[in-house]
Protein chains: 2
Amino acid sequence: MAVTIKDVAQLAGVSPSTVSRTCKDHPSISEETKEKVRQAMQKLGYEPNFQASNLASQNSRTIGIVLPPSARETYENSFYLEAIRGISSFCNQKQYINTVVTGNTEEELLSVIKTMSRSGQVDGFIVLYSKQDDIVINHLYNEGFLYVLIGKAYQNINQTIYIDNDNILAAQEATEHLIKQGHKKIAYLGGDNSLMFSADRRAGYQLALTMNGIAINPNYCQELPFKKKDQIKAINQLLSSDDRPTAIVVCDDILAFTLEDICEELKLSIPKDIAIVSFNNSLIAKLATPKLTSIDVNSYQLGIEAASQMINHIENPNLMATKIIVPHHLVVRESSSLDR
Amino acid sequence: MAVTIKDVAQLAGVSPSTVSRTCKDHPSISEETKEKVRQAMQKLGYEPNFQASNLASQNSRTIGIVLPPSARETYENSFYLEAIRGISSFCNQKQYINTVVTGNTEEELLSVIKTMSRSGQVDGFIVLYSKQDDIVINHLYNEGFLYVLIGKAYQNINQTIYIDNDNILAAQEATEHLIKQGHKKIAYLGGDNSLMFSADRRAGYQLALTMNGIAINPNYCQELPFKKKDQIKAINQLLSSDDRPTAIVVCDDILAFTLEDICEELKLSIPKDIAIVSFNNSLIAKLATPKLTSIDVNSYQLGIEAASQMINHIENPNLMATKIIVPHHLVVRESSSLDR
DNA sequence: CATTTTTGCGCAAACGTTTGCACAATTTCA
DNA sequence: TGAAATTGTGCAAACGTTTGCGCAAAAATG
């Protein structure tokens, strides 16, 4: 049997309440007594029982982490594990625990989330994606359950806490980087636009064009289908057209990698014929040939900040819903710059 | 305030203990009463309080997941997230929760693990790696704390529960696949051999050679350094030697990808001059040019099995330490086969 | 029909904390 | 020097379950 608060109390010659208060550094215990108690704790290797503490203080010190419902390919994106690692590392420090919830469909996720919240298993959820009309996010909102989004909120913007990059600005910078290299015929390849980050990146791309007096060519701005085959077809079409772009902003390294492949097949040289900038700065960007210029979104830090906000709101329930913007940075490599 | 067991008891006109026993389908409650209770639970949307239940039954229904202490690059391997997803999905089903623990060094991990086990935050740990002389694993073993390894145990083999692929067999199959293609000069590129999977794969490689009457060439069997630059240097050396191998078994897709790059630089055609087989069957294997033949180790399933074993041992403390072998399969692609 | 066995349920004591309140001891103030 | 304010500590009731034990009522037995 593990050592309990009573054991410590007995050894220190005080009552359990005094021990409890010492743990929380309560001001009404004298420094002298605290020292005595601390020594006893030390000696016995005391660690407060997590369950008992949670039951008494009516919380769980547990944060749910919701992965997007998706196909396996999505999870190859190192973004998710990095975000989880960020969250975990912060939780580990703060004596919180975290639990991943995953499922193949929104419904599966929802059912797990419902029992978790009802049974008090978690104090709140960090949702690792942001999507329009998502039933999970809608449920959390409607129930008034605490949650923070990684990604930009789609609705109820002022009532939801979210951690995001400034994806509009990031895409703008990516695009302007290409404009500075002299490109005018710049395309954008995005994914499902109901995902907020993809929509934002597209918006930033368009903004950059407009601000630099470049007309927007609707053929250049593509929302690619999910299936790889269809993606390849669409890209091939774009690159084979008479009015082929000379530069492309791509919403994701993996997609950019595929793009590079197609370019090679079509004998288009990168960055000479086609310059590329993409997002995430994952390992794949460094391994690709030529190496990909990519925007690093600091996924680990997104996780840290999300956990920090979460815990802050758990412990101070009447805080306002704030948003946090985590900085990004452009990492220039061969795919966009002849000088390198 | 959430609905408690007392509310249900009152509505059903029974005592709290009856409700509790109904939840666990205790045989000494009549079917009639159970039905009455179940209806009350349904009506109120009752979900037992996780903390209270855990406190009373002296467990935590929580599993710690230990990531290897490492540099960021390691986590780009989709293996980890897939294993976590497997664990989570099983936990979600069984009303368990899981918490990821991560750190930069073994010491950091150890300190978190110590407080977690002392405070009863977790019932056991699933360790996502297996390594010789690892202080985390040693600590868990010495304390007699429940843990399961994903990977093969290094010591105390009969006392530790582990879930693994048969990496020896897998590497053997990989090597034999190359031998069948007519190769005799086959090399092996591994990583840190204190990691069990790397050592096993090397053993399997050597076994295959021996069994097929091929002499083992020590120059062909390399334990590559961690730094990418040094890796490249070593590989270049191997490929530039007079006695260049014609086929290579590589312990990891990411490394194989780098190998492909070097081959291209050296104007070695794959699979004509060099055939390659690697491990993990990650996205990168499918994206590489040429596509990589790779052994799929079923990381998601490894996670599922690990969670299943863990829960089994939590609920039946006097079970023996068993090992589970999860099947792998070879996925043949362009990098090893001319026919494709 | 009386006795024993079985069945079905409730009582109440845990589980290990937290925290409002009471209260003695000490200090401050007039 | 006595009253009031402050300080430091302990008591005991929560928190919402689980579970050993006891005890009626019902069923089985002789």
Side-chain angles (χ1 to χ4, degrees), chain A residues 1-38 40-41 44-62 95 115 117-121 123 314-315, chain B residues 1-38 40-41 44-62 95 115-123 314-315:
Chain A
M1 179 64 72
V3 23
T4 75
I5 205 171
K6 286 182 191 166
D7 302 324
V8 178
Q10 191 159 29
L11 181 63
V14 297
S15 77
S17 27
T18 302
V19 177
S20 174
R21 289 193 248 258
T22 301
C23 288
K24 321 217 116 50
D25 209 20
H26 200 283
S28 80
I29 305 291
S30 72
E31 203 42 58
E32 200 181 359
T33 311
K34 276 180 187 168
E35 196 44 46
K36 219 169 40 182
V37 173
R38 277 195 269 261
M41 294 199 304
L44 298 176
Y46 171 70
E47 200 69 51
N49 181 283
F50 193 66
Q51 325 296 323
S53 158
N54 285 338
L55 178 59
S57 47
Q58 292 287 79
N59 53 26
S60 69
R61 292 187 82 84
T62 302
Q95 308 261 59
T115 71
S117 43
R118 285 214 201 101
S119 67
Q121 276 178 326
D123 289 335
I314 291 171
E315 294 177 356
Chain B
M1 179 63 73
V3 23
T4 75
I5 205 170
K6 287 180 191 168
D7 302 323
V8 178
Q10 192 160 30
L11 181 62
V14 298
S15 78
S17 27
T18 302
V19 178
S20 174
R21 289 193 248 257
T22 300
C23 287
K24 323 218 113 53
D25 209 20
H26 200 284
S28 80
I29 304 291
S30 71
E31 203 41 58
E32 201 183 358
T33 312
K34 277 181 187 166
E35 196 44 46
K36 218 168 41 181
V37 173
R38 276 195 269 261
M41 296 199 302
L44 298 176
Y46 171 70
E47 199 70 52
N49 181 282
F50 192 66
Q51 325 294 325
S53 158
N54 285 338
L55 178 59
S57 47
Q58 291 288 77
N59 54 26
S60 68
R61 292 186 81 85
T62 302
Q95 309 262 58
T115 69
M116 278 197 172
S117 42
R118 285 214 202 101
S119 65
Q121 278 177 325
V122 299
D123 289 335
I314 291 172
E315 296 178 355

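None of the values given here were measured: they were computed from a predicted structure. We name chains A, B, ... by the order of the sequence lines, and we start the count at 1 in each one.
Atom CD in B/Q10 sits roughly 13 Å away from atom P in C/dG10 (whole-Å rounding). D/dT9 atom C1' lies 6 Å from atom CD1 of A/I29, rounded to whole Å. At whole-Å resolution of the value, CG in A/L55 and C1' in D/dA14 are 9 Å apart. Atom NZ of A/K36 is separated from atom P of D/dG8 by 13 Å (rounded to the nearest Å). In this structure, A/N54 places its CG atom 12 Å from P of C/dT19, rounding to the nearest Å. In this structure, B/H26 atom NE2 and D/dC21 atom C1' are separated by 12 Å, rounded to whole Å. As rounded to whole Å, 9 Å separates atom P of C/dG16 from atom CG of A/D7.
A sub-4.0 Å separation between OP1 or OP2 of C/dT7 and a side-chain N or O of B/S30 is absent.
No donor-acceptor pair under 3.5 Å is formed between the side chain of A/S119 and the backbone N or O of B/F50. Between the A/R61 side chain and the A/Q95 main chain, a donor and an acceptor come within less than 3.5 Å of each other. Counting only distance, with no hydrogens or angles, the side chain of B/S20 and the backbone of B/P16 share no donor-acceptor pair below 3.5 Å.
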With the criterion being N/O to N/O and under 3.5 Å, what pairs connect the protein with nucleotides 17-19 of chain D, and how long is each?
| unit_1 | atom_1 | unit_2 | atom_2 | d |
| --- | --- | --- | --- | --- |
| D/dT17 | OP1 | B/Y46 | OH | 3.1 |
| D/dT17 | OP1 | B/N49 | N | 3.2 |
| D/dT17 | OP2 | B/I5 | N | 2.7 |
| D/dT17 | O5' | B/Y46 | OH | 3.1 |
| D/dT18 | OP1 | B/K24 | NZ | 2.7 |
| D/dT18 | OP2 | B/S20 | OG | 2.3 |

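For the side chain to side chain contact (heavy atoms under 4.5 Å, CB included) with A/V14, the lone residue among A/I29, A/T33, A/V8 that qualifies is A/T33.
Interatomic distance, B/S60 OG to B/I314 CD1, rounded to the nearest 0.5 Å: 7.0 Å.
Heavy atoms only, all atoms of each residue included: B/G120 and A/Q51 are closest at O-NE2, 2.9 Å.
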